[in-house]
Visitor: 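I am attaching a structure below and will ask some questions about it afterwards.
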Amino acid sequence: MEILRTPADWPRTETEARAAQETLRARLVRDEAGPAPGTVPLTGVDVAYDDARDLVAAAAVVLDPGGRTVLGRATAVGRVAFPYVPGLLAFRELPAVLAALDRLPVAPGVVVCDGYGVAHPRRFGLAAHLGVLTGLPVFGVAKNPFLFTYEAPGEERGARAPLLDGAEEVGAALRTRTGVKPVYVSAGHRVTLDTACAHTLALTPRYRLPETTRRADALCRAALKEAVGN
DNA sequence: GCGACAG
DNA sequence: ATCTTGTCGC
């Protein structure tokens, strides 16, 4: 197994990481609606860890515009590049994710992250960061509301409510399955919140989480096991 | 000042 | 994220 090295200029301290977010945020593009559902491939990315061995495994899975067929997949294993610090998740996950995306045999289209985009203390979460670094359209779908608030959306699939940071709308609590806890969608780079919600609904015909992240999650776990041996 | 807090 | 079996339910 080949273990990837993280970029030499990757932040090493929390102070450096926050400064990097403030700088990169200026390059975030938020005025593009982004490709409509059904017109481009969707790529899910996710990461799994083995803290004891200091390893991280990332996976990228490309689904066809209809969301039924896998067009391509790739994995990458590396050393953990940053500790988990709320608000700085991107620095922990992205080196491996970027390596996996580089290894894809096909164009990724729109990328779906397991986490937040602009729903972030400095409006620069994982999905926004990945978008700026790659130039690709990227949005985020998280499983928890982090430090944001919202009024419960209707019970039916498709119902949504604003995800708020005080009075500012930073995303949406979107019900992908009737009667099931919502997911938390936010825009990232070159994709608006409405387009992100439309893609999220298209990717959840059966489960709460997008098919992209479900597939990427399974693949990165398998890659980690493979790397560790077993 | 302390704790909580995406994964 | 991760530690972890069976079990209730559509």
Side-chain angles (χ1 to χ4, degrees), chain A residues 6 11 14 17-18 20-21 25 28 44-60 75-98 100 111-132 138-150 155-157 163-166 168 170-174 176-189 193 196 200 204-210 212-225 227-228 230:
Chain A
T6 67
E14 295 186 23
R18 291 195 189 88
Q21 289 179 330
R25 184 176 54 180
L28 189 64
V45 292
D46 196 16
V47 164
Y49 301 96
D50 184 323
D51 288 317
R53 294 185 174 78
D54 197 40
L55 290 179
V56 52
T75 61
V77 176
R79 233 89 228 196
V80 173
F82 207 87
Y84 170 64
V85 179
L88 300 179
L89 182 62
F91 297 97
R92 181 170 170 79
E93 305 217 327
L94 290 189
V97 168
L98 290 167
V111 179
V112 186
C113 278
D114 188 10
Y116 285 120
V118 296
H120 179 274
R122 288 169 294 282
R123 303 293 177 267
F124 201 69
L126 187 60
H129 202 141
L130 180 60
V132 167
V138 184
F139 67 92
V141 179
K143 300 183 285 294
N144 297 289
F146 199 17
L147 41 90
F148 306 107
T149 61
Y150 63 98
E155 289 297 313
E156 303 72 33
R157 165 176 153 85
L163 187 65
L164 306 170
D165 182 353
E168 185 176 349
V170 295
L174 177 67
T176 55
R177 305 300 305 158
T178 297
V180 174
K181 175 183 176 175
V183 295
Y184 307 92
V185 182
S186 59
H189 186 62
L193 178 60
T200 300
T204 50
R206 184 157 164 72
Y207 299 102
R208 178 170 86 112
L209 298 180
T212 39
T213 73
R214 289 173 44 79
R215 291 237 167 87
D217 177 76
L219 184 57
C220 70
R221 288 185 198 231
L224 185 61
K225 273 193 179 182
V228 168
N230 178 23

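Since the structure is predicted, the reported quantities are computational estimates derived from the model, not experimental observations. Lettering follows sequence order; numbering is per chain, from 1.
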Visitor: Return the set of residues passing salt bridge (Lys or Arg N to Asp or Glu O under 4.0 Å) with A:Arg177 (not counting sequence neighbours), or none when no residue passes.
Guide: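 Partners of A:Arg177 by the salt bridge (Lys or Arg N to Asp or Glu O under 4.0 Å) criterion come out as none, since no residue qualifies.
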
Visitor: What stems, by residue range, does DNA chain C take part in, given at least 3 consecutive Watson-Crick or G-U pairs under 3.5 Å?
Guide: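 Ordered by first number, the stems with DNA chain C amount to none, as no run of 3 pairs exists.
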
Visitor: Can you list everything that forms a salt bridge (Lys or Arg N to Asp or Glu O under 4.0 Å) with A:Arg53? Sequence neighbours excluded, please.
Guide: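 Partners of A:Arg53 by the salt bridge (Lys or Arg N to Asp or Glu O under 4.0 Å) criterion, ordered by chain and then number, come out as A:Asp50.
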
Visitor: Output one letter per nucleotide in nucleotides 2-7 of chain B: B when a protein non-hydrogen atom lies under 4.0 Å from the base, S when only the sugar-phosphate is that close, - when neither is.
Guide: ---BBB

Visitor: Does any part of the side chain of A:Val183, heavy atoms only, come nearer than 4.5 Å to the side chain of A:Val185, both counted from C-beta?
Guide: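 Yes. Closest side-chain heavy atoms under 4.5 Å.
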
Visitor: Just by protein heavy atoms under 4.0 Å, how would nucleotides 4-10 of chain C read 5' to 3' in B, S and -?
Guide: -------

Visitor: Identify, with sequence neighbours excluded, every residue that meets side-chain contact (heavy atoms from CB on, under 4.5 Å) alongside A:Thr213.
Guide: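 A:Val112, A:Leu209, A:Pro210.
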
Visitor: Would you please name every residue forming a side-chain contact (heavy atoms from CB on, under 4.5 Å) with A:Ala127, sequence neighbours left out?
Guide: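 By the side-chain contact (heavy atoms from CB on, under 4.5 Å) rule, A:Ala127 matches A:Cys113, A:Val138.
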
Visitor: Just to be sure I understand the rule, does A:Arg177 reach a base, reach only the sugar-phosphate, or reach nothing, if contact means heavy atoms closer than 4.0 Å?
Guide: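 The residue A:Arg177 makes no contact with any strand.
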
Visitor: What residues, two or more places apart in sequence or in another chain, satisfy side-chain hydrogen bond (donor to acceptor under 3.5 Å, both in side chains) together with A:Arg208?
Guide: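 Checked A:Arg208 against side-chain hydrogen bond (donor to acceptor under 3.5 Å, both in side chains); zero matches.
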
Visitor: Just to verify, what does A:Arg157 make a salt bridge (Lys or Arg N to Asp or Glu O under 4.0 Å) with, not counting sequence neighbours?
Guide: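 Expected list: none.
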
Visitor: State yes or no: are the ring centers of A:Tyr184 and A:Tyr150 separated by less than 6.0 Å?
Guide: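 Yes, the ring of A:Tyr184 comes within the 6.0 Å limit of the ring of A:Tyr150, centre to centre.
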
Visitor: Can you confirm whether A:Tyr116 sits close enough to A:Val170 that some side-chain heavy atom of one is under 4.5 Å from a side-chain heavy atom of the other?
Guide: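 SC-SC contact between A:Tyr116 and A:Val170 ruled out.
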
Visitor: With A:Ala76, which residues qualify under side-chain contact (heavy atoms from CB on, under 4.5 Å), at least two apart?
Guide: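 Expected list: A:Leu4, A:Ala99, A:Ala100, A:Arg103.
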
Visitor: Can you confirm whether A:Gln21 sits close enough to A:Leu88 that some side-chain heavy atom of one is under 4.5 Å from a side-chain heavy atom of the other?
Guide: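 Yes; the side chains approach each other to less than 4.5 Å.
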
Visitor: Pairing of DNA chain B as dot-bracket, 5' to 3': ( ) intra-strand, [ ] crossing, | other strand, . unpaired, with Watson-Crick or G-U pairs under 3.5 Å?
Guide: .......

Visitor: Is there side-chain contact between A:Phe148 and A:Glu168, with at least one heavy-atom pair below 4.5 Å?
Guide: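 A side-chain contact is absent here, since even the closest heavy-atom pair is not under 4.5 Å.
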
Visitor: Which residues pass the salt bridge (Lys or Arg N to Asp or Glu O under 4.0 Å) test with A:Asp114, not counting sequence neighbours?
Guide: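 Counting only residues at least two positions away or on another chain, A:Asp114 forms a salt bridge (Lys or Arg N to Asp or Glu O under 4.0 Å) with A:Lys143.
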
Visitor: Taking atom P of C:dC3 as reference, at what distance in whole Å does atom NZ of A:Lys225 sit?
Guide: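 Those two atoms, NZ and P, are 10 Å apart.
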
Visitor: Over how many whole Å does the gap from A:Asp54 atom CG to C:dT2 atom C1' extend?
Guide: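 That distance rounds to 15 Å.
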
